[in-house]
Amino acid sequence: MIDIKLLRDESESTRATLARRLSDLDGYLDRIVELEEQRRGVILSAEGLKAERNRASEEVSRIKKDGGDATVLLSGLKEKSSEIKGLDARLKEIETELRKKALRIPNLPLPEIPDGGEDGNQILRTWGDPPEFDFEPKAHWDIGHELGLIDLPRGAKIAGSGFPVFTGAGARLLRALRNFMLDIHVDQHGYTEIAPPHLVTEETALGTGQLPDLESNMYRTVDGLYLIPTAEVPVTNMHAGEILQAEDLPRTYVAYTPCYRREAGAHGKDTRGIIRVHQFDKVELVRVCEAEQSPVEFDKILGHSEVILQKLGMPYRVLALAAGDIGFASAKTYDLEVWAAGVDNWLEASSASTFTDFQGRRANIRYRPEGGGKPHFCHTLNASGVALPRTIIALLENNQQEDGSVVIPEALVPYMGVDRLTGASS
RNA sequence: GGACAGGUGGCCGAGUGGUUUAAGGCGCACGCCUGGAAAGCGUGUGGGCGGCAACGUCUCCAGGGUUCGAAUCCCUGCCUGUCCGCCA
């Protein structure tokens with residue numbers, strides 16, 4: 001959520017920063033500032049009256065105690081009281097609209113990120129070399145079908161397109177990758193493992209910023225709960241409404257969960273196979289830290305994601321997203337795109353973001369500074385560590401052999417139990 | 001799902017309409033005492049909003065209502081506990 005004081009006191013620079021997102025918010029911002037002024041005016045009048053009422057009430061109490069008659073005083077109070085009630089109702093209206101509007105303002109992009117929309121994204125560096133083949137590499141949907149790993153038609157039969165079924169060694173591969181990633185993040189990077197609920201309340205989805213912006217991208221149950229689109233949502237919100245101690249920060253969490261995305265109207269290009277699906281598995285990293293620490297924390301969390309791809313030997317590149325391309329809640333996002341030889345493309349396998357105090361403000365996650373003092377909003381960060389389907393795509397496509405088999409990366413062999421997928425076991 | 005009992009500050013706990021602008025205790029912080037510590041004594045100790053500040057105001061699970069005035073009375077919801085039912 002935007003800090004309305006910023007909008008009020010540093011209006012021009014704040015508006016200029018928001019304008020980097022390339023969406024027109026001026027009307028909204030004007031209305032917010034207007035409402036904020038009204039709000040303060042009403043508070044001023046209401047509180048003045050309340051102070052008078054409280055003093056008079058004390059007086060009534062004293063008179064009654066002494067056995068006196070307070071009738072005269074009471075008749076005047078009745079009017080005052082209804083006036084207060086009116087102002088309070090008005091205040092509530094204003095605050096409701098103000099909150100509704102403010103919740104739709106995206107986060108302020110950090111100064112260092114590139115300008116522009118998707119075209120402004122910058123490739124910062126590349127790790128590893130795309131593999132060379134003496135034959136025409138196949139796409140993962142063919143490999144997955146031939147080796148009996150992925151059954152798309154049956155998934156479509158059960159739940160519709162975009163719901164893959166993993167079978168045999170394919171299912172084992174998911175399990176192996178999940179455990180491999182969790183082990184690294186827990187044992188080597190020091191994250192606390194979390195197994196969160198997969199359904200969350202509306203308030204929770206508001207806290208991390210999926211609502212109201214991405215309403216159409218989430219599955220909603222008849223009970224009003226939402227299926228999580230990422231573990232970020234339940235995990236970050238664990239601390240909603242809490243005041244943490246600075247010395248307990250950063251809090252670092254890793255969670256494996258399925259992710260559910262409606263992805264309305266996403267048919268067509270780049271959606272074949274399991275590139276873009278309605279349900280997929282992901283290992284997610286979340287860090288909650290003090291405000292000053294978030295730049296350092298960003299480098300850490302990004303590095304932790306990279307380790308996974310490096311250990312799996314997957315070529316990838318790091319993309320700095322432009323201000324017009326980052327997500328609603330993000331202040332800065334780097335994507336890790338993994339190379340996939342069969343589809344001949346870079347695929348986003350991880351997205352690392354810092355949300356500065358945006359989510360902290362929405363979910364009311366605060367910390368008390370060392371040495372005491374008023375609480376501050378926490379900064380939150382997350383990164384995929386990493387998403388499974390695109391890792392599987394890269395693994396199958398990059399490691400395929402001319403005989404149709406797929407070599408398992410060495411680091412994953414202990415988890416898979418075999419060093420090669422041949423289709424024999426599926 | 002049904003019945004009953006509850007939800008008060010960091011924690012325990014008192015409080016059934018008016019100095020509760022929340023008693024008391026624990027914890028914590030500071031001070032006194034001490035060679036040092038413990039004990040003891042004293043002082044302080046939540047959050048939000050408005051205000052340059054003084055200060056004001058709100059906050060006893062949440063939201064409505066009654067009243068001049070609500071932690072306290074009424075309604076709705078959420079959560080917790082116990083028992084029963086159902087169930088992986």
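Treat the numbers as computed from the prediction; the structure is a model and nothing was measured. First the proteins, then the strands, lettered A, B, ... as listed; each starts at 1.
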Trainee: Considering Watson-Crick and G-U wobble pairs with both distances under 3.5 Å, what does B:rC60 pair with?
Mentor: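 Here B:rC60 is not engaged in any pair, so there is no nucleotide opposite it.
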Trainee: Tell me the partner of B:rC30, counting only Watson-Crick (N1-N3 plus N6-O4 or O6-N4) or G-U wobble (N1-O2 and O6-N3) with both under 3.5 Å; none if nothing fits.
Mentor: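 Pairing partner, where one exists within any strand: B:rG42.
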Trainee: Take atom C1' in B:rC28 and the same atom in B:rU82, then report the distance between them in whole Å.
Mentor: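 It works out to 35 Å between them.
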Trainee: Partner lookup for B:rC79, please. Criteria are Watson-Crick or G-U wobble with both distances under 3.5 angstrom; report none if nothing qualifies.
Mentor: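 The answer is B:rG6, by the H-bond criterion.
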Trainee: Pairs of donor and acceptor atoms involving the side chains of residues 84-96 of chain A, under 3.5 Å and at least two apart or interchain, shall be tabulated with distances.
Mentor:
unit_1	atom_1	unit_2	atom_2	d
A:D88	OD1	A:K50	NZ	3.2
A:D88	OD2	A:K50	NZ	3.4
A:R90	NH1	A:E93	OE1	3.3
A:R90	NH2	A:Q38	OE1	3.0
A:E95	OE2	A:R39	NH1	3.3
A:T96	OG1	A:K92	O	2.7

Trainee: In the strands shown, is B:rC87 matched to any nucleotide by a Watson-Crick or G-U wobble pair with both distances under 3.5 Å, and which?
Mentor: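 Pairing partner: none.
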Trainee: Give the nucleotide from the list B:rG47, B:rG50, B:rG69 with an atom nearest to the side chain of A:R366.
Mentor: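 Of the candidates, B:rG47 comes closest.
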Trainee: Sticking with atom P, work out how far B:rC74 lies from B:rU66, rounded to a whole angstrom.
Mentor: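 15 Å, rounded to whole Å.
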Trainee: Can the positive tip of A:K311 be found less than 6.0 Å from the middle of the six-membered ring of A:F180, inside 45° of the ring normal?
Mentor: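 Not satisfied by the 6.0 Å and 45° rule.
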Trainee: Of the listed nucleotides (B:rC68, B:rG47, B:rG50), which one gets closest to any side-chain atom of A:I243?
Mentor: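 Side chain of A:I243 sits closest to B:rG47.
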Trainee: Checking contacts here: which listed nucleotide (B:rG64, B:rG50, B:rC58) is nearest the side-chain heavy atoms of A:K92?
Mentor: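 The nucleotide sitting nearest to the side chain is B:rG64.
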Trainee: Suppose you measure atom P in B:rU43 against the same atom in B:rA23; what distance do you get, rounded to whole Å?
Mentor: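 Going atom to atom, P in each nucleotide, I get 14 Å.
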Trainee: So if I take every side-chain heavy atom of A:I43 and compare against B:rG48, B:rU66, B:rC49, which nucleotide ends up nearest?
Mentor: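 Comparing B:rG48, B:rU66, B:rC49 against the side chain of A:I43, the answer is B:rC49.
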Trainee: Quick one: do A:D357 and A:R361 make a salt bridge, cutoff under 4.0 Å?
Mentor: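 Answer for the salt bridge query: yes.
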Trainee: Identify, between A:K85 and A:K374, the residue whose nearest nucleotide on RNA chain B lies closer to the 5' end.
Mentor: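 Looking at RNA chain B, the more 5' nearest nucleotide goes with A:K374.
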Trainee: From the set B:rU66, B:rU57, B:rG69, return the single nucleotide nearest to any side-chain atom of A:A51.
Mentor: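 Taking heavy atoms from C-beta onward, the closest nucleotide is B:rU57.
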Trainee: Searching all strands shown, indicate the nucleotide that pairs with B:rC55 (Watson-Crick or G-U wobble; both distances under 3.5 Å).
Mentor: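 Pairing partner, where one exists within any strand: B:rG50.
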Trainee: Taking atom types as modelled, find out whether A:E306 and A:Y316 have a side-chain donor-acceptor pair closer than 3.5 angstrom.
Mentor: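 Judged by distance alone, the side chains do pair up.
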Trainee: Compare every heavy atom of A:S351 with every heavy atom of A:T333, then report the nearest pair and how far apart it is.
Mentor: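 Closest pair (atom of A:T333, atom of A:S351, distance): CG2-OG, 3.3 Å.
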Trainee: With the side chain of A:E47 defined as its heavy atoms from C-beta on, choose the nearest nucleotide among B:rC49, B:rG69, B:rG46.
Mentor: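 The answer is B:rC49, which lies nearest to the side chain.
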Trainee: What nitrogen or oxygen pairs link the protein and nucleotides 6-8 of chain B at under 3.5 Å?
Mentor:
none

Trainee: Can A:K300 and A:E297 be counted as an ion pair, charged N to O under 4.0 angstrom?
Mentor: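 Yes, A:K300 and A:E297 are salt-bridged.
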Trainee: In a check of side-chain hydrogen bond (donor to acceptor under 3.5 Å, both in side chains) between A:K138 and each of A:H145, A:Q400, A:E146, A:E397, which one passes?
Mentor: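 Among A:H145, A:Q400, A:E146, A:E397, the one meeting side-chain hydrogen bond (donor to acceptor under 3.5 Å, both in side chains) with A:K138 is A:E146.
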Trainee: If you check every side-chain atom of A:K50, which of B:rU57, B:rG51, B:rG47 has the closest atom?
Mentor: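 Among B:rU57, B:rG51, B:rG47, the one nearest the side chain of A:K50 is B:rU57.
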